[in-house]
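The shown structure was predicted, so the numbers you read here are calculated from the model rather than taken from an experiment. Remember, it's 1-based here, ligands and their atoms both numbered in the order they're listed.
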Amino acid sequence: MEQKQQLQQEPLLNAMIKFVQSYMDAQSDIKSNKIMQTASDETIAELRLCGIPRKGRAVEAVMDEMVEDVYANQVIMQHPRWFGFVPSPASLLSWLGDIMTSAYDPHAGSWMQSSAAACIEQEVIAWKCRQAGYPDTSGGLFVSGGSMANLTALTAARNAKLSEFQYPLGTAYVSEQTHSSVSKGLRIIGLRTDQIRKIPTDSDFRINITLLKDAVSEDLAAGKIPFAVIANAGSTNTGSIDPFNEITALCEKHHIWMHVDGAYGASVLASSKYRHRLQGIERADSISWDAHKWLLQTYSCSAILVKDKKTLTDSFHTCPEYLKDAAANDEQVNYWDYGPELTRPARSLKLWLTLQVLGTDTISDIIEHGFQLAQWAEDEIRKHPRWEVICPAQQAIVNFRYAPPGLSEIEIDALNQQISKEMLQDGYAGVLTTELNGRKVLRICALHPEANETDMRTTVQLLDKIACKLTIELERERNAS
Ligand SMILES: *Cc1c(COP(=O)(O)O)cnc(C)c1O
């Protein structure tokens, strides 16, 4: 058996080198790719037919199949012109950090198992906490994504503010623009839907603070226990930022936990030019901050920060007999006591590598570039008649819609949906839709450091071309009927 493994080392090494070479070649020309490709029916049938074999196959053959059939068929979320959802402009540095980390595969649960990786996680978390303006008592940990970061924070919030007997009375407050993962998290930790209050937003898609105050007063009067308000630092639809200072004033008055969902938007803290927009975030009890969005990381890489790290250990610390050998002292940390995971990858290392190599000045420039990209798009939209800006560029997002005269709102909704569809089919850029004020709109979220002014203007021009073509078709159909 041993000899067989020895013999296999060399073909494996060759296959790895070949893979890295071809991957790097493909990356150098990423813009020439269409933004997405979907597996054909034949490919799906082949993959299903392949099954799990009894006898193994040559590694190179399997790798080639995977490159061709699996990895080729995806939305390229790191394509410079992918503007749908929140893109992931993953840096090659993050990828390098990822393969290094998975090669050595440190167990990042305890200090004993990976002391220096735990130290780096502390340092990266401390850097993020400093960006947020948090005190020395703060801390946090890396989790898989914003959804898990929100869930982790909400668990800490519930445990800090409610006794177990009070769980049925607790109420949490989100806005109409809060990401769905927050309500999902609240449901996971046991809240009924009637314990989750959804507060309308104002014309700028920020939580309506008067209605929030009213809801809290109403619930207090009814004997309920308001325990958490969730604020947006960059909502997913529009990039809107809730009024932190007014929310914290309310929360402090009523001993409510304030959580800020900054999954994509907290990265604005790393920009020296725009960080002031998140002023007041330092008063929040917890902050979610994804690194696999605007901080250039591959999946999965997100952080949850808390102002008082004891709130995490209060919620997640366990000390079973089989883990006692890994006890940590005061300066050390066992991250399995900070969050829901026991065995966990060292997610901070790839971000550490990226930050070390690029430096924070470059990160700051990259964040500011995202703001600029959305502004270029908005500028181009305003040049074209029959287009409306629904929510102006902010935090790298702009919402807009094609609204030619003479069409009903329903027809305009359908038209914008079709524009997005045809843009995807064209493959030049990925522009998806969302809904604002009950109407379908197009949305661009642009974070990629390698996207430029031409990319943004050409994308809008192409959308206009598609829109004009569809309108002519529509008119023809009308005249024919
Ligand atoms: C992306 C996003 C999330 C979800 O984060 P995942 O990393 O996809 O789990 C939550 N909230 C906001 C505001 C987001 O933009």
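An N or O contact shorter than 3.5 Å links His292 to ligand 1 by distance. Backbone and side-chain nitrogen or oxygen atoms of Ser235 are examined, and none is located within less than 3.5 angstrom of a nitrogen or oxygen of ligand 1.
By the ring pair (Phe, Tyr, Trp, His ring centres under 6.0 Å) test, Tyr335 pairs with Tyr338, sequence neighbours left out. Remark: Asp464 pairs with His384, Trp387 by the side chain to side chain donor-acceptor pair (under 3.5 Å) rule, at least two apart or across chains.
Proximity to Asp290 (heavy-atom distance under 4.0 Å) selects the following atoms of ligand 1: 5 (O), 6 (P), 7 (O). Ligand-side atoms of ligand 1 in range of Ser147: 4 (C), 5 (O), 6 (P), 9 (O), range being under 4.0 angstrom from any heavy atom. Of all atoms in ligand 1, numbered sequentially from 1 with element shown, those under 4.0 Å from a heavy atom of Thr236 are 12 (C), 13 (C), 14 (C), 15 (O).
Using modelled atom types, one finds no donor on one side chain facing an acceptor on the other under 3.5 Å when comparing Ser144 with His292.
The pair Arg344-Glu121 meets the salt-bridge criterion, since a charged nitrogen lies less than 4.0 angstrom from a carboxylate oxygen.
Between the choices Lys293, Gln177, His179, the shortest heavy-atom distance to atom 2 (C) of ligand 1 belongs to Lys293.
Under the 4.0 angstrom criterion for non-hydrogen atoms, Ser181 is in contact with ligand 1.
Scanning the protein heavy atoms around atom 11 (N) of ligand 1, the nearest turns out to be Asp261 OD2, 2.6 Å. Scanning all protein heavy atoms for the shortest distance to atom 6 (P) of ligand 1 gives Gly146 N, 3.2 Å.
Ring geometry for Trp294 versus Phe371: interplanar angle under 30°, hence parallel rather than tilted (30 to 60°).
Taking the ring centre of Trp289 as origin, the terminal cationic atom of Lys128 falls inside the region bounded by 6.0 Å and 45° from the ring axis. For the pair Arg81 and Tyr428, the cation-pi criterion (under 6.0 Å, within 45° of the ring axis) is fulfilled.
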